[in-house]
Amino acid sequence: MNEPLVRAVNVSRTYRSGDTQVAALTHATCEIHPGERIALTGPSGSGKSTLLQLLAGIDHPSTGTIAWPALDGSLALRPAKIGFVFQTPSLLAPLSAIENVEVPLLINRMGSTQARQRALEALEVVGLAAIADKLPEELSGGQAARVGFARALASRPALLLADEPTGQLDRPTADHLFDTVLEWLRSTQAALVVATHDQHVAQRLPTCWSIERGHLRRDCL
């Protein structure tokens with residue numbers, strides 16, 4: 001089998017809350033390989049978001065190790081090689097939708113003309129090319145979520161991590177978004193991991209992992 005895009009070994013993450021240590025994730029071990037499609041399920045507060053942020057290199061484990069063997073092992077992966085769809089609103093208020101999508105590309109030193117074209121293509125994937133010039137305050141919650149998805153897709157990442165990406169979408173819109181994203185992914189070897197409460201979404205992906213009270217299982221409960 002090819003080298004994994006990311007490998008986590010015995011990873012734990014604890015946070016301090018006053019004088020108390022809170023364990024968000026405990027001794028998690030997993031690998032994600034090119035082309036995999038994984039649903040990550042579990043109740044709120046179980047550790048799904050924590051695991052995704054660790055796999056993306058946004059956060060760092062308290063103990064254990066995370067490496068990216070097929071991605072040159074670098075910690076400086078985002079935004080070029082790992083796309084991340086945040087659960088909470090993350091658009092920059094002064095920037096239009098298309099400018100928000102461009103940001104990771106420009107950070108990665110892509111030329112402005114190519115970045116604009118990539119951003120427009122990504123907005124077309126999520127069905128929002130028509131509102132490219134609108135500011136975040138002019139968007140609905142569902143539209144803002146889809147712009148966040150477009151921003152993650154625009155860099156054409158090797159690994160796409162999405163945290164509750166359909167939480168603000170109605171069923172037809174969520175289904176259409178997933179249809180288009182999965183079709184886009186079929187032309188690549190990019191891996192997809194989706195943290196979701198939505199069993200309808202989870203059932204569309206061939207592999208299911210679950211987290212319960214910070215403990216990862218590489219199958220669903």
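Below, all heavy atoms of this structure are taken into account, side chains as well, without hydrogens, waters or symmetry copies. This one's a predicted model, so the numbers in the text were calculated from it and none came from an experiment.
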Q) Can Leu92 and Glu99 be said to form a side-chain contact (heavy atoms from CB on, under 4.5 Å), step by step? A) CA-CA 9 Å; Leu92 300 174; Glu99 289 169 338; over 6 Å; no
Q.
Distance check, rounded to the nearest 0.5 Å: Phe178 atom CZ versus Leu205 atom CG?
A. 5.5 Å
**Q.** With Arg146 via side-chain hydrogen bond (donor to acceptor under 3.5 Å, both in side chains) - residues at least two apart
**A.** none
Q) Looking at Gly83 and Pro157, what are the two nearest heavy atoms and their distance? A) N-CB, 3.4 Å
Q: With sequence neighbours excluded, tell me which residues meet disulfide (SG to SG under 2.5 Å) with Cys208.
A: Cys220
Q) Which salt bridge (Lys or Arg N to Asp or Glu O under 4.0 Å) pairs, counting each pair once, include a residue from residues 168-184, with sequence neighbours left out? A) Arg171-Asp175, Arg171-Asp198, Asp179-Arg204, Glu183-Arg186
Q | Closest approach of Ala150 to Ala122 (non-hydrogen atoms, all atoms of both residues) | A | O-CB, 3.3 Å
Report all side-chain donor-acceptor pairs from residues 46-58 shorter than 3.5 Å, counting only partners two or more places apart or in another chain.
unit_1, atom_1, unit_2, atom_2, d
Ser46, OG, Pro43, O, 2.7
Lys48, NZ, Gly42, O, 2.8
Lys48, NZ, Pro43, O, 3.2
Ser49, OG, Asp163, OD1, 3.3
Ser49, OG, Asp163, OD2, 2.6

Q: Could you tell me which residues satisfy side-chain contact (heavy atoms from CB on, under 4.5 Å) with Ala162, sequence neighbours excluded, listed by chain and number?
A: Val85, Phe149, Pro165, Val194
Q: Enter the distance from Thr14:OG1 to Leu25:CG here, rounded to the nearest 0.5 Å.
A: 10.5 Å
Q) Looking at side-chain heavy atoms only, is the closest gap between Pro34 and Leu5 below 4.5 Å? A) yes
Q | Smallest separation among heavy atoms of Leu71 and Ala158, with atom names | A | CD2-CB, 3.7 Å
Q | Cluster overlap Val193 with Leu185, hydrophobic side-chain contacts below 4.5 Å | A | no
Q: Answer yes or no: is there a side-chain heavy-atom contact under 4.5 Å between Leu105 and Gln114?
A: no
(Q) Show every salt bridge (Lys or Arg N to Asp or Glu O under 4.0 Å) that has at least one partner inside residues 128-140, sequence neighbours left out. (A) none
Q. If every non-hydrogen atom of Pro69 is compared with every non-hydrogen atom of Pro4, which pair is closest and at what distance?
A. CD-O, 3.4 Å
Q | same_hphob_cluster(Trp209, Val201) at 4.5 Å side-chain heavy-atom cutoff | A | no
(Q) For a 4.5 angstrom cut-off between non-hydrogen side-chain atoms, does Gln21 reach Arg16? (A) yes
Q) Can you find a pair of side-chain heavy atoms, one from Cys30 and one from Leu216, that are under 4.5 Å apart? A) yes
Q | Contact list for residues 112-125, test salt bridge (Lys or Arg N to Asp or Glu O under 4.0 Å), sequence neighbours left out | A | Glu102-Arg116, Glu121-Arg156
Q) So do the side chains of Leu95 and Val103 get within less than 4.5 Å of each other, counting heavy atoms only? A) yes
(Q) Does Val126 form a side-chain contact (heavy atoms from CB on, under 4.5 Å) with Thr180? I'd like the steps, not just the answer. (A) CA-CA 7 Å; Val126 300; Thr180 54; 5.7 Å; no
Q: Please name all residues satisfying side-chain contact (heavy atoms from CB on, under 4.5 Å) with Thr63, sequence neighbours left out, ordered by chain then number.
A: Ser12
Q.
Less than 4.5 Å apart, side chain to side chain, heavy atoms only: is that true for Glu36 and Leu192?
A. no
(Q) So, taking the atom named OG1 in Thr88 and the one named CD in Glu164, what distance separates them when rounded to the nearest 0.5 Å? (A) 11.5 Å
Q | For Thr65, all residues meeting side-chain contact (heavy atoms from CB on, under 4.5 Å), sequence neighbours excluded | A | Val9
Q.
Minimum heavy-atom separation for Pro136 and Ala93, please, with both atom names.
A. CD-O, 3.6 Å
**Q.** Qualifying residues under side-chain contact (heavy atoms from CB on, under 4.5 Å), relative to Gln199, sequence neighbours excluded
**A.** Thr41, Ala202, Gln203
Q) NZ/Lys81 to CG/Asn108 distance, rounded to the nearest 0.5 angstrom? A) 9.5 Å
Q: Starting at CG of Leu135, measure out to CG of Leu91 and round the result to the nearest 0.5 Å.
A: 10.5 Å
Q) Is it true that a side-chain atom of Thr173 and a backbone atom of Leu169 form a donor plus acceptor pair closer than 3.5 Å? A) no
(Q) Nearest 0.5 angstrom please: Ser155 OG to Met110 CE, how far? (A) 7.5 Å
**Q.** Residue of the set Thr207, Thr29, Ile38 for which side chain to side chain contact (heavy atoms under 4.5 Å, CB included) holds with Arg218
**A.** Thr29
**Q.** Student check: side-chain heavy atoms of Ile82 and Val6 closer than 4.5 Å
**A.** no
Q) Cluster question for you: counting only ILVMFWY and a side-chain heavy-atom cut-off of under 4.5 Å, with indirect links fine, are Val181 and Leu120 together? A) yes
Q: For Ser90, check side-chain hydrogen bond (donor to acceptor under 3.5 Å, both in side chains) against everything at least two apart and list the hits.
A: Arg151
Q. Under a single-linkage definition using a 4.5 Å side-chain heavy-atom cutoff for Ile, Leu, Val, Met, Phe, Trp and Tyr, are Phe86 and Leu160 assigned to the same hydrophobic cluster?
A. no
Q: Examine Leu128 and Trp184 and state if one hydrophobic cluster contains both, with Ile, Leu, Val, Met, Phe, Trp and Tyr joined whenever side-chain heavy atoms are less than 4.5 Å apart.
A: yes
Q: Go through the structure and list residues passing side-chain hydrogen bond (donor to acceptor under 3.5 Å, both in side chains) with Ser44, not counting sequence neighbours.
A: His197
